[in-house]
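Lettering of chains follows the sequences in order, A, B, ..., and the numbering in each one begins at 1.
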Amino acid sequence: MKKDYYHQIFELVCQIPEGRVTNYGAIADALALGSARTVGYALSQSHQIAPLIPAHRVVNRKGELSGRHHFNPPERMAQLLEAEGVQIKNHTVQDFDARFWSPLEGKTD
DNA sequence: CCTATGACGCCGG
DNA sequence: GCCGGCGCCATAG
């Protein structure tokens, strides 16, 4: 498959622990994609390629739910996060620094 | 081939 | 610490 980076991104997103979140840049850096935009683009397609991955655990560097409009309905992203214990305020993850999970942290190479 | 756009992020003012 | 600008890479037209 040419778009193999899709698979890498989806695999990594699936490794995000429940109740934790990460950002696009961290994923791009962990997979050496070189661009956080690529991660966002892949996730935008994720719903039709791999609808079961926890894409709601990926937010931007500010902790904002920038991709909420790609959910159905949009508020479902915050809903899923709150269900995992992540508090959302004004479409933003509260205590983002503590909730942040680094992909490299999970690998522990 | 070139231009525009996007679930982004860093840098300089 | 907010704002504007630029870089980044993949896909669409």
Side-chain angles (χ1 to χ4, degrees):
Chain A
M1 182 175 184
K2 293 180 180 176
K3 303 168 185 165
D4 197 58
Y5 66 92
Y6 271 44
H7 181 73
Q8 292 186 252
I9 293 171
F10 299 157
E11 283 271 300
L12 195 150
V13 171
C14 287
Q15 290 167 40
I16 302 175
E18 204 173 292
R20 291 293 200 87
V21 294
T22 189
N23 57 25
Y24 305 95
I27 297 175
D29 186 66
L31 299 179
L33 297 177
S35 176
R37 288 187 175 277
T38 306
V39 178
Y41 206 97
L43 283 175
S44 69
Q45 302 280 299
S46 69
H47 75 99
Q48 55 183 0
I49 300 177
L52 43 151
I53 72 175
H56 57 276
R57 294 177 191 154
V58 185
V59 297
N60 67 9
R61 71 176 181 91
K62 291 178 285 188
E64 297 173 326
L65 280 57
S66 50
R68 70 191 134 103
H69 287 295
H70 292 261
F71 279 76
N72 181 32
E75 48 256 44
R76 177 159 179 81
M77 186 173 184
Q79 191 177 0
L80 289 168
L81 287 169
E82 290 181 318
E84 297 179 0
V86 180
Q87 297 179 331
I88 306 299
K89 190 75 169 186
N90 194 8
H91 307 296
T92 306
V93 175
Q94 298 304 290
D95 204 0
F96 181 60
D97 188 63
R99 289 292 185 180
F100 180 78
W101 177 84
S102 174
L104 302 175
E105 181 183 325
K107 296 193 171 197
T108 320
D109 291 333

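- Rounded to whole angstrom, the span from the CZ atom of A:R61 across to the C1' atom of B:dA7 amounts to 15 Å.
- Protein atom NZ of A:K62 is 14 Å distant from nucleotide atom P of B:dA7, rounded to whole Å.
- As judged by a 4.0 angstrom heavy-atom cut-off over every strand, A:S66 is placed among residues touching the sugar-phosphate backbone only.
- Within 4.0 Å (heavy atoms only), A:A28 reaches no atom of the nucleic acid at all.
- The side chain to side chain donor-acceptor pair (under 3.5 Å) check on A:Q48 picks up A:Q45, with sequence neighbours excluded.
- Atom-to-atom, CG of A:L31 to C1' of B:dG9 comes out at 16 Å; the value is rounded to the nearest Å.
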Under 3.5 Å, sequence neighbours excluded: what are the donor-acceptor pairs made by side chains of residues 50-59 of chain A?
| residue | atom | partner | partner atom | Å |
| --- | --- | --- | --- | --- |
| A:H56 | NE2 | A:E84 | OE2 | 2.9 |
| A:R57 | NE | A:E84 | OE1 | 3.0 |
| A:R57 | NE | A:E84 | OE2 | 3.2 |
| A:R57 | NH1 | A:I16 | O | 2.8 |
| A:R57 | NH2 | A:E84 | OE2 | 2.8 |

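- Atom C1' of nucleotide B:dA7 and atom NE2 of A:H91 are separated by 14 Å, given to the nearest angstrom.
- If you take OG on A:S102 and CD1 on A:I27, they are separated by 10.0 Å, rounding to the nearest 0.5 Å.
- Taking the side-chain contact (heavy atoms from CB on, under 4.5 Å) definition, one finds that A:Q87 meets it with A:Q94, sequence neighbours left out.
- Rounding to whole angstrom units, CZ of residue A:F71 and P of B:dA7 are separated by 12 Å.
- Pairs engaging residues 9-44 of chain A under the ring pair (Phe, Tyr, Trp, His ring centres under 6.0 Å) rule: A:Y6-A:F10 [sequence neighbours left out].
- Rounded to whole angstrom, the span from the CD atom of A:E64 across to the C1' atom of B:dG9 amounts to 13 Å.
- The distance between atom CD1 of A:I53 and atom P of B:dA7, rounded to the nearest whole Å, is 16 Å.
- Rounding to whole angstrom units, CE of residue A:M77 and P of B:dA7 are separated by 12 Å.
- Sorted by first and then second residue, the side-chain hydrogen bond (donor to acceptor under 3.5 Å, both in side chains) pairs involving residues 71-82 of chain A (not counting sequence neighbours) form an empty list.
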**Complete:** B/S/- along nucleotides 7-13 of chain C (protein heavy atoms under 4.0 Å) is BBSSS--
